[in-house]
Amino acid sequence: MLEERLLEEFGNSLVAEAEDRASELPPGSPLGWATALVEAMLGYLEEAGVVTDHDLCPHQDNEGHRPCRIIGYSLPEDSVRLELFTAPDETQAGAISRRELSRLSGWAARFFDYAVKGDHSRFAANGAALEAAIRIQNELPRIEELRINVLTNGRVRDRDVAEISVAGRPAVTEVWDLERLYRASGEQVSRDRIEIDFSLLTGRPLPCIEMKPRPAEYETYLAVLPGNLIYELFDQYGPRLFEFNVRSFLQARGAVNKGIQKTIREAPGRFLAYNNGLTATADEIEVATLHGETVIKRIRGLQIVNGAQTTASIHRARKQDKLPLDEVAVSMKLTLVEPERLEEFVPLIARFANTQNPIQVADLSASDKFHQQFESLATSVWPPGEESRWFYERARGSFQMARNREGSTPARRREFDRTCPRSQHFGKTDLAKYLMTWWGQPQIVSRGAQKNYSAFMFSLRERMGENWAPDKVFFQEAIAKAILFRAAQVVVKRARLQSYGANVVTYTVASLSEKFGDAFEFGLVWKHQAISDELENLLSEWAPMVHAELVQSAGARNVTEWCKKDDCWAEIRSLNLPVPAVLPPELEAAGAGIRSEINPLEAQASSVDQCSSLDAATWARIVAWATTAPDIDDYDKKVAHTLSGYAINGWLKAPSIKQATRGVRVIEAARQAGVF
């Protein structure tokens, strides 16, 4: 009975979140409710490590007798599997039939088929779907398999949808209904659902050595895992194998270890000697004796605390590079810790284990500690007037749960809605989006909620300091940034831009931060709990210009993917966005100095003059230096090379304003480096 009630509360919370997201979609957005539901459900699945990232491209057409339908897709750079996401049209309070599942799965598969065959004319009126189709066609050589995910807030009793083949690739269907999502969203679900029977995987139990005498607090075993076993584990469970914080920081740190790849390719038999191995924990370990040898028969709740790079690299070696793993072996130290001691043990195990990519203890503890402190501030710091407060969801879905719990009667629910209005609640990934945007990282924000969150947590301590803790001022400014970001969302929505609205929002707000930085008066936004009409008008003027530059600078590239690149942000940073003669009140502290720096035509002409005043020999020295200078953007290097060519030709062609702006930046850096 309790489980059923909790599931009902979770379902209500999911629908409420989807409704919030639906209200944020531009008017006339295709498949509005289904898109909002998919976005809400993918938030849970990304946190659980089931999905890495995603892009939305909602589309449905009924042309002819072969309709197609799609909501979104995921194709990570290091993956050979394309994930497609789809959902029913309306909220499903009851069960969804197997026939409906098959229909939705088939329509999504047909989208893939149209993309592969180049039948893109049917997507001409839908920019996001067209981009998705083109990207899928371009990436086809590395796509080996297709997984279609049907998402629904209803319940599914029969999930058996037959596997099919599309464009020569196997296509399987995964169904995520309310019950399965509820289990996946649970705090311990990642561990609880990872149960490994070594006899089934390898044909025999895993030989091991037990530490003796056994300590009172834990058990530890040493074992050697075959490379193919590690591949099978990661292929089945993916990032869920990694303790959550480790998974986050692994994503933030980036590339697969090239040294590991080299060893697998050139000296697989030496892998055990060269590699530091894995450090892991488990909730349950079933041990037995076989022919006088200690063996592990089964593990439940496996979590790799150190060795994520090794695991992912081995998987990639076989999956993408087609390298055999028969000679590869990896050592593993496996520790059984009592559940109540996990939070104490895991960070310390990670800290003291010797790894190729060490993760600091602050990395592992910062997440929970920071969010707990921020949540505490949200409950104690009220906006002026103290009539309502901001609700911070440290755990996804906690807002609706609190509303259900505290609003046990209609009167109490009205009181909760008054003090914690739905418009004033946000979660961890939202906070990361607001702050990373203001910190000048719109290209990372554009990479998706989870990747941005990972980068945010990884950089938080580096930016703020080891012993830093959020205080009242930090909280108030964070809320002001949230208000600013949400105001920009409203502006972009009202502008009815054809596509890339989310990218336009983060790039527009980041541009505001780039030009005005610390001079922005967050106190005014906090005081009024809104931005001024003047600032809203400024954002309204900038947003279409940012949108146009995003599309134009992408050229023939996929705009969505282009928005994730550092070079894209470099392009937007050089955009000459107009500033009014009378600044909005939030920007008045910036003063005439900033205004004169970014607005007058004289400054533009000066940049052109500075570039064209240097001769060919000087530009040659600048280009030679910039080629190896780590602090010079790649795009700036290209512009410097172009300007050098103009100089060789005697400046018969003058540089554009954008070229001159970049050119001056390189000139100043070269001058400071003593190049000339």
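What you see is a predicted model; the values in this text were computed from it and never measured.
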Steps toward side-chain contact (heavy atoms from CB on, under 4.5 Å) verdict (Leu37, Leu151) = CA-CA 8 Å; Leu37 179 66; Leu151 283 65; 5.6 Å; no

For a quick test of reading the model, state the closest non-hydrogen atom pair linking [X] to [Y] and the distance between them.
X: Leu241; Y: Tyr237; result: CG-CB, 3.9 Å
X: Pro584; Y: Leu538; result: CG-CD2, 4.4 Å
X: Ala128; Y: Leu56; result: CB-O, 3.9 Å
X: Ala109; Y: Ile164; result: CB-CD1, 4.0 Å
X: Pro30; Y: Pro58; result: CG-O, 3.4 Å
X: Cys563; Y: Cys568; result: CA-SG, 3.8 Å

side-chain contact (heavy atoms from CB on, under 4.5 Å) between Thr508 and Leu539, intermediate numbers included = CA-CA 7 Å; Thr508 301; Leu539 295 175; 3.9 Å; yes

Is the backbone of [Y] close enough, under 3.5 Å, to the side chain of [X] for a donor and an acceptor to pair up by distance?
X: Lys493; Y: Ser23; answer: yes
X: Gln261; Y: Ser313; answer: yes
X: Ser459; Y: Phe456; answer: yes
X: Trp542; Y: Val579; answer: no
X: Ser97; Y: Glu100; answer: yes
X: Arg155; Y: Leu178; answer: no
X: Asp235; Y: His315; answer: no
X: Ser79; Y: Leu75; answer: no
X: Arg169; Y: Ala167; answer: yes
X: Arg98; Y: Val161; answer: no

Could you check whether any side-chain heavy atom of [X] comes within less than 4.5 Å of a side-chain heavy atom of [Y], counting everything from C-beta outward?
X: His425; Y: Asp20; answer: yes
X: Asp89; Y: Arg69; answer: yes
X: Leu484; Y: Tyr434; answer: no
X: Leu101; Y: Thr173; answer: no

Any Lys/Arg nitrogen of [X] or [Y] sitting under 4.0 Å from an Asp/Glu carboxylate oxygen of the other?
X: Glu19; Y: Arg422; result: no
X: Glu17; Y: Arg21; result: yes
X: Asp636; Y: Arg573; result: no
X: Arg157; Y: Glu179; result: yes
X: Arg557; Y: Asp567; result: no
X: Asp113; Y: Arg66; result: yes
X: Glu571; Y: Arg662; result: yes

When rounded to the nearest 0.5 angstrom, what distance separates [atom1] in [X] from [atom2] in [Y]?
X: Thr86; Y: Leu31; atom1: OG1; atom2: CG; value: 8.0 Å
X: Leu550; Y: Ser499; atom1: CG; atom2: OG; value: 9.5 Å
X: Lys428; Y: Gln450; atom1: NZ; atom2: CD; value: 8.5 Å
X: Leu14; Y: Asn153; atom1: CG; atom2: CG; value: 6.0 Å
X: Leu577; Y: Lys515; atom1: CG; atom2: NZ; value: 5.0 Å
X: Leu643; Y: His641; atom1: CG; atom2: NE2; value: 11.0 Å

key: Between Phe111 and His59, ring centroids under 6.0 Å   =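 No - the distance between ring centres of Phe111 and His59 does not fall below the 6.0 Å cut-off.
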
inquiry  = Are Phe485 and Trp438 an aromatic pair, judged by ring center distance below 6.0 Å?
reply    =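 Distance test on ring centres: not under 6.0 Å, no.
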
task = Determine, stepwise, if the pair Phe426 / Arg486 fulfils side-chain contact (heavy atoms from CB on, under 4.5 Å).
result = CA-CA 11 Å; Phe426 61 103; Arg486 292 180 172 193; 3.5 Å; yes

key: Given Arg81, Lys322, Lys319, the one that forms salt bridge (Lys or Arg N to Asp or Glu O under 4.0 Å) with Glu144   =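 Only match with Glu144 under salt bridge (Lys or Arg N to Asp or Glu O under 4.0 Å): Lys322.
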
request  = Could you go through the side-chain contact (heavy atoms from CB on, under 4.5 Å) check for Asp55 and Arg135 one step at a time?
outcome  = CA-CA 12 Å; Asp55 290 299; Arg135 186 182 177 208; 4.1 Å; yes

key: Partner of Gln424 by side-chain contact (heavy atoms from CB on, under 4.5 Å), out of Phe391, Tyr392, Phe399, Trp390   =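 Only one option passes, and that is Trp390.
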
task = Only one of Ile70, Ile148, Leu146 passes side-chain contact (heavy atoms from CB on, under 4.5 Å) with Phe112; say which it is.
result =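 Going through Ile70, Ile148, Leu146 one by one, the side-chain contact (heavy atoms from CB on, under 4.5 Å) with Phe112 is satisfied by Leu146 alone.
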
message = Please enumerate all residues that pass side-chain contact (heavy atoms from CB on, under 4.5 Å) together with Gln443, with sequence neighbours excluded.
response =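 Listed in chain order: Gln441, Arg447, Tyr507, Asp566, Trp569.
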
ask   = So which of Tyr182, Trp176, Phe10 actually passes ring-ring contact (aromatic ring centres under 6.0 Å, His included) with Tyr44?
value =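 Looking at Tyr182, Trp176, Phe10, the match for Tyr44 under the ring-ring contact (aromatic ring centres under 6.0 Å, His included) is Phe10.
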
